Structure formats: structure tokens, C-alpha cells
Amino acid sequence: MNRNRRTTHSTESGRDVQMSFDQRLQANARERYRTHSVNSAFNNLRQLIPTEPRNRKLSKIETLRLAKSYISHLIAVLVTGNGQRPCVDTIGHQRSEGLSEQPDEPPARPPICTFCVTFDKS
DNA sequence: TAGGCCATCTGGTCCT
DNA sequence: AGGACCAGATGGCCTA
């Protein structure tokens, strides 16, 4: 690669600023490091979410959605004191909020929580 | 082979 | 000015 290459980097005032190739490489390295730290946070979060089967690797989007669902499940456990299937007893968390969280997707799912089902099997 | 997921690069914007 | 954060583009890997 040509280390003398320059890339433009415009500011909010619209003025183009020359960015040296070395600066670009440094920015790339920082971004890589930042992405790795985000991934390590995702890995930490994954370890806290029970899956079926056990040790199934969750994607990032699955991790976020299931984390939200798991928090709701734990809240239901606290509210009802029912450690088995608490979510069927609560109003606010009556359906699975697991993998399909599309905004425009109709809620066509039986009123059972993902984690109630998971813990039933175990 | 198509689709999903991911890492990396890149440029724009915001913040200190 | 420099760094952090973010989103889009791109290409590679894996699985059904």
C-alpha cells in the first residue's frame, strides 16, 4: 500500500482536512480495538443468558433481544414469587419476546415466555 | 448457492 | 485538533 496516500476528512464547517495515511491507520486500529471491546461485552452478556440447547452461540441481535426478554422474565419471578412459570401470571409479560422483535410483525405467538419454556425442560 | 452473521475499513458527526 | 462513536459498504466464512 502507498503510505503517502491521503484521505479527506471534512469537518462540520464543510472544510476538507487532509488525513495522513498513518492517521488513517491509527484511526482504523482504534476502531478495531473499540469493536473488540464491544464484542467482549457481548460475550459477557451471552454467558448470563440461558439458552436451549445449552452453550448455543447467540448472535449479537439474538443476545440483545433475549437479554431484554430475560430481564422481563426475572422481573416476573420477583413480582409473582413463582420460580417455575411466572410469566403466565403477569400482565405485562405474557408472550415470548425472544427472536422475532420486528416492529411491524404481528404478535402471533402463544402466551408463553421463552425462559419459562427453557426452564420447564431443565 | 443463497442468506445470515461477522470483522474491517471508511467517512461523517459529536465531544472534550 | 484529536479521539470516540456511529452507520454504510464490502468481502469472507459458515450453514441449510
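Below, chains carry the letters A, B, ... as their sequence lines are ordered, and counting in each starts from 1. Since this is a predicted model, take the numbers as computed values, not measurements.
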Exercise. Heavy-atom distance under 4.5 Å between the side chains of A:Arg46 and A:Lys60, does that happen here?
Worked result: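 Side chain of A:Arg46 against side chain of A:Lys60, heavy atoms only: contact under 4.5 Å found.
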For this session: Return each pair, listed once, that meets ring-ring contact (aromatic ring centres under 6.0 Å, His included) where at least one residue sits in residues 47-71 of chain A; pairs must be two or more places apart or across chains.
Result: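 Passing the test, one end in residues 47-71 of chain A: A:Tyr70-A:Phe115.
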Separation of atom [atom1] in [X] from atom [atom2] in [N], rounded to whole Å:
| X | N | atom1 | atom2 | answer |
| --- | --- | --- | --- | --- |
| A:Arg24 | B:dG11 | CZ | P | 6 Å |
| A:Ile61 | B:dC6 | CD1 | P | 10 Å |
| A:Arg30 | B:dG12 | CZ | P | 16 Å |
| A:Gln26 | B:dC9 | CD | C1' | 15 Å |
| A:Phe21 | B:dG11 | CZ | C1' | 15 Å |
| A:Gln23 | C:dG2 | CD | C1' | 8 Å |
| A:Leu58 | B:dC5 | CG | P | 11 Å |

Could you list the protein-to-nucleotides 5-9 of chain C atom pairs, N/O on both sides, closer than 3.5 Å?
unit_1, atom_1, unit_2, atom_2, d
C:dC6, N4, A:Glu31, OE1, 3.2
C:dC6, N4, A:Glu31, OE2, 3.4

When you get a sec, tell me which of [options] is the closest nucleotide to the side chain of [X]?
| X | options | value |
| --- | --- | --- |
| A:Lys60 | B:dA7, C:dG2, C:dG3 | B:dA7 |
| A:Ser59 | C:dG2, B:dC6, C:dG3 | B:dC6 |
| A:Thr35 | B:dT8, C:dG2, B:dC5 | B:dT8 |

Problem set entry | Side-chain donor-acceptor pair present, A:Arg32, A:Asn28, cut-off under 3.5 Å |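 No, no side-chain donor-acceptor pair sits under 3.5 Å.
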Problem set entry | Exam field: side chain A:Thr35 to backbone A:Glu31, donor-acceptor pair closer than 3.5 Å | yes
Problem set entry | Co-membership, hydrophobic cluster, residues A:Leu45 and A:Leu58, 4.5 Å side-chain |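 Same cluster: A:Leu45 reaches A:Leu58 through Ile, Leu, Val, Met, Phe, Trp or Tyr contacts under 4.5 Å.
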Exercise. Quick one: do A:Leu74 and A:Ile49 end up in the same hydrophobic cluster if we chain Ile, Leu, Val, Met, Phe, Trp and Tyr together by side-chain heavy atoms under 4.5 Å apart?
Worked result: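 Yes, same cluster.
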Problem set entry | From OG1 (A:Thr63) to CG (A:Leu48), nearest 0.5 Å | 10.5 Å
Exercise. Roughly how far, to the nearest 0.5 Å, is CZ of A:Arg30 from CG of A:Leu25?
Worked result: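 Answer rounded to 0.5 Å: 11.0 Å.
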Pull out every protein N or O sitting under 3.5 Å from an N or O of nucleotides 12-16 of chain C, one pair per line with the distance.
none

Exercise. Are OP1 or OP2 of B:dT8 and a side-chain N or O of A:Arg32 less than 4.0 angstrom apart?
Worked result: no
Problem set entry | Rounded to 10 degrees, the angle between the two terminal axes of the helix from B:dT1-C:dA16 to B:dT16-C:dA1, each from five pairs | 10°
For this session: List in chain and number order the residues that pass side chain to side chain contact (heavy atoms under 4.5 Å, CB included) with A:Ile75, two or more places apart in sequence or in another chain; answer none if no residue qualifies.
Result: A:Ile71, A:Val79
Exercise. When you measure from every atom of DNA chain B, which of residues 36-48 of chain A have a heavy atom less than 4.0 Å away?
Worked result: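 Under 4.0 Å from DNA chain B: A:His36, A:Asn39, A:Arg46.
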